[in-house]
Amino acid sequence: MKMVGSPGYSPAGFLLPLLLLEVSTWYSAVSGFSVKGPVEPIMVLLGANATLPCQLSPEQSAADMHIRWYRTQFSPAVFVYQNGQEQGGEQMLEYHGRTELVRDSINRGGVALLIQHVRASDHGQYQCHFKDGQSSQEAIVELHVIGLGSVPHVHMMGPEDGGIRVLCSSDGWFPKPKVQWNDMLGVNLQSLSESQTQDEDGLFHVEASLVVMDSSLGNVTCSIQNPLSGQEKVSCIFLPEPFFPKMDPWKAALAGTVPVLMLLLIGISYTGWREHQAKEKEVKKKKRELNERDQMKNEKEMAQKATEKLKAELEQRKALYLEDWKKALLYPVSGHCRVQRAQRRRKRELRRDRKGSVSLLFILWACFHHRFNLNCSFSDWRKKHFQCANVTVNMEIFHQNNSDSERNENFRVETQDLSLSDKQGDCNLITLNQEDFTSGKHYWEVNIKDIDEWTLGVYEKLTDKSELSTDLQNKKFRVLEKKGSEYRTLTCCPPNISQDDCLQIGKCPQKIVIFLDYEDNDISFYDMTEGTHIFSFTQTNFSGSVYPYFNLKCMEHSHLCNIK
């Protein structure tokens with residue numbers, strides 16, 4: 001049967017809500033009270049104080065009740081209130097001295113837990129438990145801790161894959177933030193890589209990188225947002241068009257020439273193969289075929305043995321080379337000569353073999369050297385074992401001495417990390433934006449294009465000097481200097497000179513890279529344009545902190561050394 005006036009509803013479906021309401025009313029009547037918490041989560045900034053409220057319903061005094069605040073486990077607890085006072089025996093160690101019960105409204109059933117100096121570990125759910133005799137009720141309170149980190153630091157890392165690699169980093173975020181790149185029109189850009197790590201306090205450190213391929217973008221913005229509060233911090237970087245790498249003309253020409261040469265080689269090989277097949281058809285004598293077969297078999301065995309021997313020797317040399325890279329190819333010129341000498345020695349050894357074996361072994365030898373690229377640029381290869389130093393070149397004095405605006409612009413564009421701050425005040429145009437060099441391997445580049453007079457190198461702050469010595473006398477310089485077309489190397493501790501040698505440099509360097517190996521006591525100068533070694537200081541051990549040095553005057557024109 002269906003109830004009259006209620007088509008489509010059965011008696012059981014109508015009575016079920018009434019039954020649930022009766023059970024809820026009966027349960028509340030038995031317990032005598034219920035507990036209510038806030039509907040929305042409590043949001044607090046990292047390091048501030050958080051207040052977590054709970055309210056009895058109906059209103060009644062909670063002064064004589066057992067009140068317990070806990071998280072996932074009932075014991076140990078965050079805070080325990082019993083017999084009118086705080087009970088510290090069951091309290092968690094991380095909340096000692098940071099929690100107290102706000103009892104302003106305890107007679108009306110309102111209590112609140114105050115947590116001072118909120119940490120990232122305080123983030124999450126809390127439960128307030130009220131017990132009166134045999135009756136007990138509890139409610140859940142959600143606490144969201146918001147950590148706003150530092151303003152993002154955005155800087156260029158250098159050219160990569162035909163574009164510019166840009167890195168964005170920031171510290172002190174909680175919970176895990178969101179990172180977004182945008183161009184000047186607000187269009188989202190896809191990150192190349194992103195990493196987020198937590199420190200011992202639970203705060204997140206975020207790093208995201210981007211490769212900008214379009215030189216017309218101009219500004220690139222990195223924004224980091226807190227997912228809970230929606231607050232964000234933004235930094236912007238300007239990418240000048242001249243910083244984008246340009247394709248060399250010889251590379252474009254090579255890219256077009258290689259396919260043509262390959263097609264020509266295939267055509268010649270095919271023609272030679274057809275001629276060889278035609279000649280083979282004319283050779284029908286069994287004796288000659290038998291002799292040729294035996295001869296080919298012997299040559300193949302000899303070639304296989306020689307190939308295996310050569311492969312074993314090359315693998316051994318490769319292992320020794322990878323084991324001690326500093327002893328292999330010390331300078332690019334010497335490395336090239338070693339390859340030529342090894343090739344000539346191998347040719348003399350192979351002349352003793354048959355013509356077929358010689359060709360096969362020589363091809364294997366040439367392929368090996370081409371595969372491992374022994375004639376590559378030494379400075380680019382050596383950078384893999386050195387760390388790029390964070391330096392700044394002061395352009396203010398350079399502008400005063402060079403009025404050619406186009407030259408200044410070229411110098412500014414080709415030198416990385418430029419600024420107008422002279423922090424050292426001793427005519428040193430280069431500033432180290434990190435800790436001084438007391439260990440490790442480091443390198444930095446300096447553009448000295450079209451400068452007629454300069455001094456470039458390092459100075460060492462000596463630790464064994466007397467306290468009465470001046471700041472200049474506590475420094476030991478190892479520099480390479482140019483005046484006009486003359487070059488020389490100096491080692492001096494003002495006002496004395498321990499080394500003064502002239503250098504013969506055929507072509508004026510445009511950009512110089514300095515490699516510093518503190519443990520090996522090595523300072524080396526390389527011409528980046530020509531890819532050649534200029535000079536190395538390896539005589540004296542380091543005994544103090546080492547700093548980069550760059551001046552637009554020779555030592556004899558400055559106040560560092562009294563050289564006449």
Side-chain angles (χ1 to χ4, degrees), residues 157-158 324-332 334-335 377-394 414-418 423-424 426-448 454-464 474-482 487-494 498-499 501 503 505 509-551 555 560-561:
M157 299 295 292
D324 193 359
W325 61 269
K326 290 187 290 186
K327 295 180 181 179
L329 292 180
L330 185 58
Y331 304 117
S334 63
S377 172
F378 173 76
S379 59
D380 292 340
W381 166 79
R382 203 183 198 200
K383 286 181 180 179
K384 298 179 181 179
H385 301 276
F386 284 72
Q387 181 180 2
C388 181
N390 186 8
V391 299
T392 301
V393 177
N394 191 324
E414 295 179 2
T415 305
Q416 297 180 354
D417 299 328
L418 305 184
K423 300 180 181 178
Q424 297 181 357
D426 57 356
C427 296
N428 186 5
L429 302 184
I430 191 167
T431 304
L432 183 63
N433 301 325
Q434 62 185 59
E435 296 182 0
D436 48 26
F437 299 136
T438 57
S439 63
K441 302 178 180 65
H442 310 271
Y443 77 92
W444 60 94
E445 299 178 3
V446 179
N447 190 344
I448 42 90
W454 46 261
T455 302
L456 178 63
V458 300
Y459 69 88
E460 176 185 5
K461 283 189 176 180
L462 305 178
T463 58
D464 56 351
N474 288 334
K475 295 180 179 179
K476 184 174 182 179
F477 292 82
R478 297 179 180 89
V479 296
L480 169 68
E481 72 170 23
K482 174 193 176 187
Y487 297 84
R488 65 173 178 174
T489 60
L490 290 175
T491 301
C492 67
C493 184
S498 58
Q499 178 183 345
D501 297 324
L503 292 179
I505 299 179
Q510 302 294 304
K511 182 183 291 185
I512 293 180
V513 61
I514 299 97
F515 289 94
L516 168 64
D517 191 335
Y518 194 96
E519 282 73 18
D520 285 352
N521 308 300
D522 178 83
I523 304 170
S524 298
F525 299 80
Y526 287 86
D527 186 346
M528 285 296 292
T529 306
E530 300 296 322
T532 58
H533 171 257
I534 300 176
F535 185 78
S536 293
F537 290 97
T538 58
Q539 292 83 3
T540 308
N541 295 339
F542 294 122
S543 60
S545 301
V546 179
Y547 299 84
Y549 181 78
F550 179 43
N551 198 344
M555 285 294 193
L560 298 179
C561 294

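Computed over heavy atoms, backbone and side chain alike; hydrogens, waters and symmetry mates excluded.
Of the possible polar contacts, none joining the E460 side chain to the K476 backbone as a donor-acceptor pair under 3.5 Å is found. With hydrogens and angles ignored, the 3.5 Å screen pairs a side-chain donor or acceptor of E519 with a backbone N or O of G440.
T455 contributes atom OG1, which lies 10.0 Å from atom CG of L429 (distance to the nearest 0.5 angstrom). Between the CZ atom of R478 and the CG atom of L490 there is a distance of 12.5 Å, given to the nearest 0.5 Å. Once rounded to the nearest 0.5 Å, the distance linking CZ of F542 with CG of D520 reads 10.0 Å. Atom-to-atom distance recorded for I430:CD1 and N551:CG is 11.5 Å, nearest 0.5 angstrom. Separating the OG atom in S536 from the CG atom in N521 is a distance of 12.5 Å, to the nearest 0.5 Å.
Applying the side-chain contact (heavy atoms from CB on, under 4.5 Å) criterion to T438, with sequence neighbours excluded, gives D436, S545. Taking the side-chain contact (heavy atoms from CB on, under 4.5 Å) definition, one finds that E435 meets it with nothing, sequence neighbours left out.
Considering Y526, Y487, F525 in turn, Y487 is the only one that fulfils the side chain to side chain contact (heavy atoms under 4.5 Å, CB included) rule with P509.
Nearest heavy-atom pair, S543 versus L462, reported as atom, atom and distance to 0.1 Å: OG-CD2, 4.0 Å. Minimum interatomic distance between P548 and N428 (heavy atoms only, all atoms of both residues): O-ND2, 3.1 Å. Here the closest heavy-atom approach between residue V458 and residue V479 is recorded as O-CG1, 4.1 Å. Here the closest non-hydrogen pair linking N447 and Q510 is OD1-O, 3.0 Å. Scanning both residues, I512 and M528, for their nearest heavy atoms gives C-CG, 4.4 Å.
Note on ring orientation: taking the six-membered ring where Trp is involved, the planes of F477 and Y549 are perpendicular (angle over 60°, cut-offs 30° and 60°). In this structure, F437 and H442 have parallel ring planes: the angle between them is below the 30° cut-off, well short of the 60° mark.
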* Kindly determine whether F535 and S524 satisfy side chain to side chain contact (heavy atoms under 4.5 Å, CB included), including the steps that lead there. => CA-CA 6 Å; F535 185 78; S524 298; over 6 Å; no
* To do: Evaluate the side chain to side chain contact (heavy atoms under 4.5 Å, CB included) criterion for residues D517 and F386: first the C-alpha distance (whole Å), next the side-chain angles of each, then the deciding distance (0.1 Å), finally the verdict.
  => CA-CA 8 Å; D517 191 335; F386 284 72; 4.3 Å; yes
* Audit row: L503, L480, side chain to side chain contact (heavy atoms under 4.5 Å, CB included) steps and yes/no -> CA-CA 9 Å; L503 292 179; L480 169 68; 3.5 Å; yes
* Under the side chain to side chain contact (heavy atoms under 4.5 Å, CB included) criterion, do T491 and T489 qualify, and how do the steps go? -> CA-CA 7 Å; T491 301; T489 60; over 6 Å; no
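I505 is listed as a side-chain neighbour of I534, based on a closest heavy-atom distance under 4.5 Å. The side-chain heavy atoms of V393 and W444, taken from C-beta on, include no pair separated by under 4.5 Å. Contact annotation: the side chain of K441 never approaches that of Q387 to less than 4.5 Å [non-hydrogen atoms, C-beta and beyond].
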